[in-house]
A.B. asks: 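Input: one structure, supplied below.
All chains are named by letter (A, B, ...) in the order of the sequence lines, taking the proteins before the strands, and each is independently numbered beginning at 1. Every value quoted in this text rests on a predicted model; they were computed, and no experiment measured them.
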Amino acid sequence: MRGRQVAALLLREPRLRWRVDPRLPATIAGQRVRDVRRRAKYLIIDLDAGSLILHLGMSGSLRMLDPATPLEPHDHYDLLLESGRCLRFNDPRRFGSLLWSAGDPADHPLLAALGPEPLTSAFNADYLARRARGRRVAIKQFLMDQRVVVGVGNIYASEALYRAGVHPRRAAGRVSGARLAALVEAIRAVLGDAIRAGGTTLRDYVDADGTPGYFRQRLYVYERAGRPCRRCRTPVRHVVQGQRSTYYCPRCQR
DNA sequence: ATGGGCACCTGGCTGC
DNA sequence: TGCAGCCAGGTGCCCA
């Protein structure tokens with residue numbers, strides 16, 4: 001997409017997580033794509049006069065295809081390029097978003113308070129200890145708080161806690177410095193491993209080429225309730241925290 | 001400031 | 001075969 005010009009935005013269904021501004025197609029038509037990048041789970045498409053901020057939510061996907069490709073249910077918008085290609089967004093649950101930022105997207109309200117990227121040096125044991133101090137929220141929910149660290153979703157939170165040997169219900173402020181350091185490394189490792197495996201396909205996730213991710217086979221606890229812990233054979237437990245499923249080994253995680 | 005719960009929405013699966 | 005109930009990869013917002 002880089003260097004191409006936006007020919008049009010075809011907005012079929014503006015009712016996404018936030019209603020897409022009906023003036024957006026007129027705003028971006030004719031602008032050149034200066035860069036395509038990512039911050040947390042937001043995709044940022046920098047144009048001449050501002051940036052598009054996209055999010056896939058739980059069920060969203062983007063495909064680069066020929067604009068003549070027949071529409072499928074939940075194809076909510078097409079970003080047409082002057083090159084003749086088309087970026088098509090599909091999202092059954094409509095938890096995804098399409099926003100416009102006229103200034104620096106880092107200052108956009110949704111991005112301004114985000115925590116560090118987990119694979120950078122800014123995310124380290126000292127940082128995590130400082131943020132966790134005094135916090136009584138469960139460590140699992142703390143790790144999923146995007147103001148603390150971005151990118152750790154429901155699957156990888158459980159997996160990282162397992163790898164670090166930390167009980168998901170322990171108060172964030174009561175996890176020792178050594179264990180927080182182990183958590184930093186566990187988060188880095190699990191995200192790296194998952195990325196190398198192409199992601200985790202639970203049901204229907206596929207990458208831009210249509211390839212599923214193979215990390216599901218390497219999950220230690222997620223969706224393994226009742227099955228033996230791979231390390232100690234104790235049955236994996238399932239609990240609910242903040243309306244989200246959590247999986248852990250009661251023997252390996254303290 | 002913090003923590004907890006709800007909201008947004010559709011589809012797929014299970015069990016009766 | 002139909003249908004109610006439950007669950008799902010995210011995360012902002014409101015209230016106590």
A.B. asks: So, do Val33(A) and Leu47(A) sit near enough that their side-chain heavy atoms are less than 4.5 Å apart?
C.D. replies: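 Side-chain contact under 4.5 Å: yes.
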
A.B. asks: Hey, does Asp204(A) reach any base, or is it just sugar-phosphate, or nothing, if we go heavy atoms under 4.0 Å?
C.D. replies: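 Base, at least one base heavy atom under 4.0 Å.
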
A.B. asks: Rounded to whole angstrom, note down the P distance from dC6(B) over to dC6(C).
C.D. replies: 14 Å

A.B. asks: Give a yes/no answer on whether the side chain of Ser59(A) brings an N or O atom under 4.0 Å of OP1 or OP2 in dC9(B).
C.D. replies: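 For dC9(B), neither OP1 nor OP2 has a side-chain N or O of Ser59(A) closer than 4.0 Å.
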
A.B. asks: Once you round it to whole Å, what is the distance between P of dG12(C) and CG of Leu16(A)?
C.D. replies: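 Distance, rounded to whole Å: 15 Å.
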
A.B. asks: Both Arg93(A) and Ala138(A) contact DNA chain B. Which one's nearest nucleotide lies toward the 5' end?
C.D. replies: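 Per heavy-atom nearest nucleotide, the more 5' residue is Ala138(A).
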
A.B. asks: Need one value for Thr201(A): base, sugar-phosphate or nothing, where a base atom within 4.0 Å counts as base even if backbone is also close, heavy atoms only.
C.D. replies: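 Touches a base.
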
A.B. asks: Describe the nucleic acid contact of Arg15(A) in one word from base, sugar-phosphate, nothing, applying a heavy-atom distance below 4.0 Å.
C.D. replies: nothing

A.B. asks: Which class fits the ring pair Tyr162(A) and Tyr220(A): parallel under 30°, tilted 30 to 60°, perpendicular over 60°?
C.D. replies: parallel

A.B. asks: Measure CG/Leu143(A) against P/dT11(C) and give the value in whole Å, please.
C.D. replies: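 It is 14 Å, rounded to the nearest whole Å.
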
A.B. asks: For a quick test of reading the model: is some side-chain N or O of His55(A) closer than 4.0 Å to OP1 or OP2 of dG10(C)?
C.D. replies: no

A.B. asks: Taking atom C1' of dG10(C) as reference, at what distance in whole Å does atom CZ of Arg94(A) sit?
C.D. replies: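 Going from Arg94(A) (CZ) to dG10(C) (C1'), I get 16 Å.
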
A.B. asks: Could you check whether Leu56(A) gets within reach of a base, just the sugar-phosphate, or nothing at all, counting any heavy atom under 4.0 Å?
C.D. replies: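 No contact at all - Leu56(A) keeps every heavy atom at 4.0 Å or more from the nucleic acid.
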
A.B. asks: Under 4.0 Å between any heavy atoms, over every strand shown, what does Gln243(A) touch: base, sugar-phosphate, or nothing? Just pick one.
C.D. replies: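 Base contact.
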
A.B. asks: Could you tell me how far apart Trp18(A) (CH2) and dC9(B) (C1') are, to the nearest whole angstrom?
C.D. replies: 14 Å

A.B. asks: For Arg244(A), answer base if it contacts any base atom (sugar-phosphate contacts may also be present), sugar-phosphate if it contacts only those atoms, and nothing otherwise; contact means non-hydrogen atoms under 4.0 Å.
C.D. replies: base

A.B. asks: Side chains of Ser97(A) and Tyr42(A): donor-acceptor distance under 3.5 Å anywhere?
C.D. replies: no

A.B. asks: Would you kindly give the CZ-to-P distance between Arg203(A) and dC7(C), to the nearest whole Å?
C.D. replies: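 Going from Arg203(A) (CZ) to dC7(C) (P), I get 12 Å.
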
A.B. asks: What distance do Tyr248(A) atom OH and Gln241(A) atom CD have between them, rounded to the nearest 0.5 Å?
C.D. replies: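 That separation rounds to 8.5 Å.
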
A.B. asks: Contact class for Tyr42(A) (heavy atom, under 4.0 Å): base, sugar-phosphate, or nothing?
C.D. replies: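 Answer is sugar-phosphate: Tyr42(A) comes under 4.0 Å of backbone atoms only.
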
A.B. asks: Between the side chains of Asp91(A) and Arg94(A), is the shortest nitrogen-to-carboxylate-oxygen separation below 4.0 Å, so that they form an ion pair?
C.D. replies: no

A.B. asks: What is the distance, to the nearest angstrom, from the CD atom on Gln241(A) to the C1' atom on dT11(C)?
C.D. replies: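 Atom CD in Gln241(A) sits about 17 Å away from atom C1' in dT11(C).
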
A.B. asks: Select from His74(A) and Arg17(A) the residue whose nearest nucleotide in DNA chain B is closer to the 5' end of that strand.
C.D. replies: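 Comparing both residues, the 5'-ward one is Arg17(A).
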
A.B. asks: Is there aromatic stacking of Phe95(A) on dC9(B) here, judged by a ring-centre distance under 5.5 Å and a plane angle under 30°?
C.D. replies: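 Here the ring of Phe95(A) and the base of dC9(B) are not stacked, as the 5.5 Å and 30° limits are not both satisfied.
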
A.B. asks: Paired with dC9(B): which nucleotide, if any, by Watson-Crick or G-U wobble criteria at under 3.5 Å for both distances?
C.D. replies: none

A.B. asks: Select from Glu223(A) and Gly151(A) the residue whose nearest nucleotide in DNA chain C is closer to the 5' end of that strand.
C.D. replies: Glu223(A)

